[in-house]
Amino acid sequence: MPETALDPATRRLYSDILRAPPGLVFDAALATTYSLDFETALTIPATLAFQAAEARSELLDTPLALLEGLERLADRIAIFCEAGRIKAVPKHPNRLTALLEDTITEVLAPQGGAFHPKLWVLRFIAPDDPSRVVLRLAILSRNLTTDQSWDLSLVLDGTPAPESDDNTALIALISALPGMAPRGTTPRRNRDLVASFASALAQVRWARPEGVRRIDFHVNGLGTAPWRPSPYRGLTVISPFVSAEALERLTRGVPPDAARLVSRTEELARIPAPVLARFGKVLVLDDLAETEDGEESEADETCRADQAPRRGLHAKAFVTEHHSSTEITMGSGNATNAALLNGANVEVFATLTGPSRTLGSCEDQLEAKAALGRFLTEYQPVDLPETDSSYAAEKRLEHLRVQIVRAGLRLCCVPEAGERVALKLASAATVVPPEGLEMRLWPLMAGAAQGTKLARIDPAPQPLGALALPDVTRWLGVRLSDVETGLNLDFSLGTRLEDLPEGRDAAILRAMIADRGAFLRYLQLLLSDPETAAQAFLNASRAGAARAAFGSFGEVPLLEAMVRALSGEGSALADVERLVTRLEAACDDTGAPLIPPEFLTLWASFRSLRPTSTRPNRKAARR
């Protein structure tokens, strides 16, 4: 039997997808996701900048590394997610989420369904030759969250070629993104990144995985006829969420002994027995992993961002056979009406075609001795509990969430004494919760305990409290509650931030670098080799505190590090200039200058000598 393409032993971490090929450096990235959490989004720029930490928790525990990653790269990353699907409000809000305000754009599916694609496009360039480019495409089944369930990913590297692949579907999806943002809220730099990647995709040819003769891309939900797999001799469906109508449509003309289905027990229990009988094998994955992905079945139509973690399958794949060839389609779409039949959801798929002898047949993918097959077991019918009042409450809360998302919220800033800023909430459309539902909103950094219960949201500004300038962001925490059942729905939502006082980002920097020790540790990140700087910084953080004595970073003298940076292309010293300009007048809690006077004297000598050029890849990102 051939090795199968769907092998759970072949593991790929998110950090692997983001890692630059040998000899190249990160230039720019664009991502789409259904849901995300702020913590994961914060770690991505640092991972791309330093390629140092394999564990998300490492970077979250090292705020200065997060800060520098955001400072270096946030303006070259664009993330598009479904509006109102940013994960439930973090337990410990991070001031650095303010620096993600332009990175994250919330969008709505144009056909009324879910914005559901999971896609990354990254560009890497040679440091000494920006014309030498590698594009990386990742099509995933997981969202930009801490999800740890069983997923699938396809990662392709490509280069510009005279005879490029047909990437029309990908270009259509990416080009449509700015128009999906409600009320034209896509930042200009994200629109520029979209245009740049759409142009690059029109000229790229992908390196094929072994045994793959052809790669085709499909996108649903943009108003054209939806794509769905076309089985001929055999069909295997791997889908955590299913609908009876979609399963029936997919199996038309396929004999039961040639059809196989892998899903979740609770989903299969909703499907009528005659529909399941169209599959000769109906299997489930043993409960080996958890997911906090936030997606739900079509029976629920939409998802709850605060739902309890599920266990098991989250991969989506359709395997079909045509004569002696196999087609494996993977991507974001489930075997549901919204994903495959009516085109309501925005979904992305990639189909790999190759000989069955190398990719494996439909039966090979699930054969008991195969890599995936040994983790599967036959589905045993179960009885679902009767629907209770909480189901109706969930639907009512979800309807209110959609109203709030579409209302066009804005936060108005009013400066107060003591560098505090009062925030007032208003909206373009009026939202009034129906009887029995309550809504509570708060500025994200204030925390849920400071939430304000509102009877309505309308164009008249209403106070939401006052915060210190570094804590002001465009992000809101929202809690919707059903009084009768006690059910809560928590999520984060972006607004339009108006009249923000100048100096907010500089104030965040001063808050993060509160003493001389932090200042010197931050200089280490700026002046050291980026390939090793963050790892050394993380190691020092794990060991306690990095040496705070002025004049050295561990064993590396400060003067030596600055001279080495001076002999380079100048970007490190430009970063130091940025830091000094923002902190020159700042003091620590004792009133002492935050920057050691000795360093300012030394820096004055370097200011006149440093190159004026900027990073070449920063310009390349805007081509």
Side-chain angles (χ1 to χ4, degrees), residues 4-6 141 150 152 218 220 225-286 295-301 312-345 347 349 351-353 356 359-368 370 372-373 375-384:
T4 60
L6 306 181
S141 64
W150 288 74
L152 280 175
H218 327 281
N220 288 352
W227 171 91
R228 69 180 70 95
S230 301
Y232 179 67
R233 294 181 53 194
L235 169 70
T236 294
V237 175
I238 302 174
S239 179
F241 307 113
V242 295
S243 70
E245 185 178 353
L247 293 178
E248 187 175 9
R249 181 75 64 89
L250 289 173
T251 52
R252 287 181 184 176
V254 181
D257 60 358
R260 298 153 193 87
L261 172 63
V262 181
S263 190
R264 292 177 171 176
T265 297
E266 64 271 22
E267 283 293 296
L268 295 172
R270 297 187 177 100
I271 304 301
V275 176
L276 292 183
R278 301 172 75 97
F279 294 88
K281 286 185 178 180
V282 180
L283 305 167
V284 294
L285 184 69
D286 289 339
E295 297 184 18
E296 285 214 22
S297 67
E298 185 151 318
D300 296 326
E301 287 295 328
L313 182 73
H314 194 252
K316 294 106 174 166
F318 304 91
V319 186
T320 60
E321 289 182 63
H322 298 256
H323 300 292
S324 61
S325 67
T326 296
E327 293 183 350
I328 299 176
T329 299
M330 58 186 70
S332 63
N334 291 287
T336 60
N337 294 4
L340 297 181
L341 301 189
N342 59 30
N345 285 3
E347 309 279 6
F349 305 90
T351 299
L352 310 180
T353 303
S356 298
L359 293 186
S361 65
C362 290
E363 184 177 2
D364 290 337
Q365 309 300 328
L366 307 183
E367 202 270 340
L372 179 59
F375 296 110
L376 301 175
T377 185
E378 289 189 12
Y379 164 66
Q380 301 297 325
V382 298
D383 293 327
L384 289 177

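In what follows, every heavy atom counts, from backbone to side chain, and hydrogens, waters and symmetry copies are set aside. Bear in mind that the values here come from a model prediction, so they are computed numbers and not experimental data.
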- Item | Chi angles and distances behind the side chain to side chain contact (heavy atoms under 4.5 Å, CB included) call for Asn334, Val242 | CA-CA 6 Å; Asn334 291 287; Val242 295; over 6 Å; no

- Message: Using the rule given for side chain to side chain contact (heavy atoms under 4.5 Å, CB included), can you reason through Leu283 versus Glu378, listing the C-alpha separation, both sets of side-chain angles and the distance that settles it, and then say yes or no?
- Response: CA-CA 4 Å; Leu283 305 167; Glu378 289 189 12; 4.1 Å; yes

- Query: Distance from Thr329 atom OG1 to His218 atom NE2, nearest 0.5 Å?
  - Reply: 5.0 Å

- Message: I'd like to know if the side chain of Ser141 reaches the main chain of Leu152, judged simply by a donor and an acceptor atom lying under 3.5 Å from each other, with no hydrogens or angles considered.
- Response: yes

- Item | Separation between CD of Glu363 and CD of Glu321, rounded to the nearest 0.5 Å | 8.5 Å

- Could you walk me through whether Thr326 and Ser356 pass the side-chain hydrogen bond (donor to acceptor under 3.5 Å, both in side chains) check? CA-CA 5 Å; Thr326 296; Ser356 298; 2.7 Å; yes

- Can you list every side-chain hydrogen bond (donor to acceptor under 3.5 Å, both in side chains) pair that touches residues 244-259, not counting sequence neighbours? Glu245-Asn337, Thr251-Arg278

- Phe241 pairs by side chain to side chain contact (heavy atoms under 4.5 Å, CB included) with which of Arg270, Arg264, Glu266? Arg264

- Only one of Leu247, Val282, Val262 forms a side chain to side chain contact (heavy atoms under 4.5 Å, CB included) with Leu268, so which one is it? Val282

- Query: Using 30° and 60° as the class limits, which term best fits the ring planes of Phe318 and Trp227: parallel, tilted or perpendicular?
  - Reply: perpendicular

- Message: Minimum heavy-atom separation for Pro272 and Ala244, please, with both atom names.
- Response: CD-CB, 3.8 Å

- Query: In Å and rounded to the nearest 0.5 Å, what is the CG to CG distance from Asn345 to Asn220?
  - Reply: 9.0 Å

- Of the non-hydrogen atoms in Thr320 and Pro229, which two are nearest, and what is the gap between them? CG2-CB, 4.2 Å

- Over all atoms of both residues, closest heavy-atom pair of Ala315 and Pro240: O-CD, 3.1 Å

- Got a sec, which residues hit side chain to side chain donor-acceptor pair (under 3.5 Å) with Ser263, two or more places apart in sequence or on another chain? none

- How long is the span from the CD1 atom in Ile328 to the CZ atom in Phe349, to the nearest 0.5 Å? 15.5 Å

- Task: Considering non-hydrogen atoms only, spot the tightest contact between Glu347 and Ala339 and give its length.
- Result: OE2-CB, 3.5 Å

- Query: Looking at CE of Met330 and CG of Leu352, how far apart are the two atoms once the value is rounded to the nearest 0.5 Å?
  - Reply: 5.0 Å

- Which atom pair, heavy atoms only, marks the closest approach of Ala258 to Arg233? CB-O, 3.3 Å

- Task: Using side chain to side chain donor-acceptor pair (under 3.5 Å) as the criterion, list what pairs up with Thr265, not counting sequence neighbours.
- Result: none

- Query: What is the distance from atom CG of Leu250 to atom OG of Ser239, rounded to the nearest 0.5 Å?
  - Reply: 9.0 Å

- Ala277 and Pro256 have their tightest heavy-atom pair at O-CB, 3.9 Å

